[in-house]
Each structure stands twice: as structure tokens, then as C-alpha cells.
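Comments concern the structure below.
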There are 2 protein chains.
Amino acid sequence: MVGDSRHMRIGELSERTGTSRRLLRYYEEQGLIAPTRSANGYRDYDEANVDRVAQIRGLLDSGLPTRIIKQILPCLNQPRVIHFSDATPEMLATLEFELDRMTQRIRCLTRNRDAIAEYLAAVRTDEGREADDGHEAVVGVPARA
Amino acid sequence: MVGDSRHMRIGELSERTGTSRRLLRYYEEQGLIAPTRSANGYRDYDEANVDRVAQIRGLLDSGLPTRIIKQILPCLNQPRVIHFSDATPEMLATLEFELDRMTQRIRCLTRNRDAIAEYLAAVRTDEGREADDGHEAVVGVPARA
DNA sequence: ATTGACCCTCACACAAGTGTGAAGGTCTCA
DNA sequence: TGAGACCTTCACACTTGTGTGAGGGTCAAT
């Protein structure tokens, strides 16, 4: 199957991903997406770019810089298939390093999220009563940077 | 127990947390830490600030801006005890909102981390063989922003 | 042929997090 | 009393991700 060729210009991609045109161009400039160009200079995106952009946004929001996202994206190809032939040793090292960092981030976020969840639960339990005194609840602890 | 009063100046805290003095002052300016001052103008930090700073760094690295960290830190007090009396409704709303965002971040990071882990595993399995052709492996999908 | 809705590039601007350094105060030790 | 190692504030500067707008093409519909 040669795939459906549902193409679009920057405006549509912008609307479908909730991302400003400016940012789509920026991501391109950073090498995160590579739309083709139509006869007139217009950028031409295909369906796969929708997920791609969502992925980029998610990673950016999680604190990864474009520089890193650019490096890990090739391992996360659209048809959910890995094509590796271009796996240099440095590349793999970077990947392992980032894997670790991501795991740390996840731990830190989880710990703090759980702490907040507990806090909210405690406050809600306490609702109605006047809480003018100190109450107790166990809270998480930071991650080692 | 009135707690051990192991105090220190900015230089020591900097070394113990691996954070530049500049940043410690910046975090203070942003209201994330509030050292007291000695008779001379020197900042005076106590032991609890070590964990505090680690926590701040972790959250920052996870993509949370100081503005948000400032809001959630009060719920994450040092003796791992929650003192709530200052829980305004807006505050709780913000907290719930951020809780959601953190959960999304965690999902996105986890998904992508797992994808990278699988990629690495696949590459390693393949090690030695000449991989000049496309190989296959299932990969994760982005998070909805 | 003009209008309107697209697209293009370029560039200035801004907030956040961080580095760096100047100009100067404090304290300890020889 | 001077040197050295701290500390202070202030300020300029860089990078990243983002907004905004100027100046200008393309294209379809009227």
C-alpha cells in the first residue's frame, strides 16, 4: 500500500494540531518536521505530520528541548516501525543518556504529582471543618538531579 | 524537637546542591526559597533547603515553570507534613489543573521513553548483523496536547 | 481586475532560565 | 594591615520557545 496522500497546507495543520503557524515553521527550522514544498513555495504536509506535531508538543511540554527531540524522533517513526541503519554509537549513547533523564523526570513528576493528589484528597476530606490548625499527610520527596 | 539548626551560606548550599549561586538567588527572587539573613547581609540557609532546591531543580527539569512550582511547593512541605489553612478555592483549582497536566506529561514521557527503550533493545538484539535494510519494532504514539 | 484568504520570509520583541562580571562589603588569618 | 575567600547588588547578555507584524507573493471567486 502506497498510503493515502491526504495533504494539507500550514493553515490546516495549524488548526488540526492547535499549533500556531509560527511554531510549525519554527519546528521545521529546528529540523523536527520536514514538509515538502508545492510548486509555489507553499509548505505541503501529509497526514503523518499531525501525530508528529502532537508528539513534539508533548515532549516539549515535558521539558525536552528541540535539540533532544530532534535526536530521539528518528527512533519514533510514524508507521510505528523502526528503520535503523543509521544507528551510530554516539547516537545510541545519547539515546541511553536521554532515556535515563526521562526516567528521572518521570519519577520526579510522579512523586510530586502523587504528593499533590494526596494533598488535595486530604483537603477534600477535611472540607467543611475549620482547618485552622496544622494537619498531617505524607508527602513525596525530590529526585536526585 | 526543635530540629537541628545546621545552617549554611550560599556557597555551601551551592556545592551541596550542584546549583550555581546565581540560580539560588534567582530562585529566591522567584519566591521559591526564602533564606533568612545574618547580621551582615549574608543569606542564611538551613538543612531543609537542600532538599527544597533538589525538588525545585527536578520540577524545573521536568518542564514546570517557577511560577507553577511556587504554587505547588507550599503543599509539599519539608517535614513531609501538610499544613493547610491557606487553601483558597482558586488555589485548589490551580492545583487540580496542574495535577492533570503533570499526569499528561508523565504519560507522554513514559510512552516515549518506552519507545526509545524498545528501540535500543531492538538495535542491541540486532547487533553484529548488517542492518542495511528496514527492520521492525512497535513504537509508542504521542500524547494528546 | 480587484478583493480576500491564503502563503512566504524576515525581523523585532519578550519571558524564562542561566552565565558572567563589575564594584564593593565582611571576615579570617598571617 | 593587607590578602584571600567569602558575600552583596546590579546589570548586561545569551538561548529557547513563542508572539506579532511588515512587506510581499498566489490563487480562487466575484
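Throughout, a chain's letter reflects where its sequence line sits, starting with A, and its residues are numbered from 1.
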Go through it in stages, so that I can follow the logic: the residues are Ile68(A) and Gln71(A), the test is side-chain contact (heavy atoms from CB on, under 4.5 Å), and I'd like the CA-CA distance, side-chain angles, deciding distance and then a yes or no.
CA-CA 5 Å; Ile68(A) 299 303; Gln71(A) 291 186 295; 3.8 Å; yes

### Message
When you measure from the side chain of Thr19(B) to the backbone of Ser14(B), do you find a donor-acceptor pair of N or O atoms at a distance under 3.5 Å?
### Response
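No, because the side chain of Thr19(B) does not come within donor-acceptor range (under 3.5 Å) of the backbone of Ser14(B).
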
Partners of Glu15(A) by salt bridge (Lys or Arg N to Asp or Glu O under 4.0 Å), sequence neighbours excluded?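 Checked Glu15(A) against salt bridge (Lys or Arg N to Asp or Glu O under 4.0 Å); zero matches.
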
Next on the checklist: According to salt bridge (Lys or Arg N to Asp or Glu O under 4.0 Å), who are the partners of Asp61(A), at least two apart in sequence or on a separate chain?
Outcome noted: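 Scan of Asp61(A) (salt bridge (Lys or Arg N to Asp or Glu O under 4.0 Å), adjacent residues dropped) gives Arg101(B), Arg105(B).
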
Residue Tyr26(B), side-chain atoms from C-beta onward, closest of dC8(C), dC27(C), dA16(C):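 Closest nucleotide among those given: dA16(C).
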
Distance, rounded to the nearest Å, where [X] contributes [atom1] and [N] contributes [atom2]:
| X | N | atom1 | atom2 | result |
| --- | --- | --- | --- | --- |
| Asp44(A) | dC6(C) | CG | P | 17 Å |
| Glu28(B) | dG17(C) | CD | P | 16 Å |
| Ile10(A) | dT9(C) | CD1 | C1' | 12 Å |
| Met8(A) | dC7(C) | CE | P | 12 Å |
| Asp61(B) | dA16(C) | CG | P | 19 Å |

In 5'-to-3' order, the base (B), backbone-only (S) or no-contact (-) status of each nucleotide in nucleotides 19-24 of chain C, using a 4.0 angstrom heavy-atom cut-off, is BB----

- Task: Using five pairs at either end of the helix from dA1(C)-dT30(D) to dA30(C)-dT1(D), determine the angle between the two local helix axes and round it to 10 degrees.
- Result: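 Axis-to-axis angle, ends of the helix: 10°.
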
query: Would you say dC8(C) has OP1 or OP2 under 4.0 Å from some side-chain N or O of Arg43(A)?
result: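 So the side-chain polar atoms of Arg43(A) do come within 4.0 Å of the phosphate oxygens OP1 or OP2 of dC8(C), strictly under.
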
Quick one: on DNA chain C, does Tyr42(B) or Arg67(B) contact a more 5' nucleotide (nearest heavy atom)?
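In this pair, the answer is Arg67(B).
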
*Starting at the 5' end of DNA chain C, which residue's closest nucleotide do you reach first, Thr66(B) or Arg21(A)?*
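The residue closer to the strand's 5' end, by nearest nucleotide, is Arg21(A).
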
Could you walk me through whether Arg124(A) and Leu92(B) pass the side-chain contact (heavy atoms from CB on, under 4.5 Å) test, one step at a time?
-> CA-CA 10 Å; Arg124(A) 241 180 248 108; Leu92(B) 293 184; over 6 Å; no

_With heavy atoms of chain B within less than 4.0 Å as the criterion, where does contact along DNA chain D begin and end?_
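Both ends considered, the range comes out as dC6(D) to dA11(D).
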
Membership question, hydrophobic clusters at under 4.5 Å side-chain separation (ILVMFWY): are Val53(A) and Tyr26(A) in the same one?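 Yes; tracing contacts between hydrophobic side chains, which count when under 4.5 Å, links both residues.
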
Checklist entry - Going by an N to O cut-off under 4.0 Å, is there a salt bridge joining Arg22(B) and Glu29(B)? => result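 Salt bridge: no.
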
- Task: Considering only NZ, NE, NH1 and NH2 on the basic side and carboxylate oxygens on the acidic side, decide whether Glu28(B) and Arg37(B) come within less than 4.0 Å.
- Result: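 Salt bridge: yes.
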
Worksheet item: Do the side chain of Tyr27(B) and the base of dG17(C) come within less than 3.5 angstrom through a donor-acceptor pair of N or O atoms?
Response: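 Looking at the base of dG17(C), it does not pair with any donor or acceptor on the side chain of Tyr27(B) (distance under 3.5 Å).
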
Find out whether Leu59(B) and Thr66(B) are in side-chain contact, i.e. whether some heavy atom of one side chain is under 4.5 Å from a heavy atom of the other.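 Counting from C-beta outward, Leu59(B) and Thr66(B) never come under 4.5 Å.
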
Kindly determine whether Thr110(A) and Arg113(A) satisfy side-chain contact (heavy atoms from CB on, under 4.5 Å), including the steps that lead there. CA-CA 5 Å; Thr110(A) 302; Arg113(A) 181 203 51 182; 3.8 Å; yes

Q | With sequence neighbours excluded, residues passing side chain to side chain contact (heavy atoms under 4.5 Å, CB included) with Asp44(A) | A |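 Side chain to side chain contact (heavy atoms under 4.5 Å, CB included) list for Asp44(A), sorted by chain: His7(A), Thr36(A), Ser38(A).
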
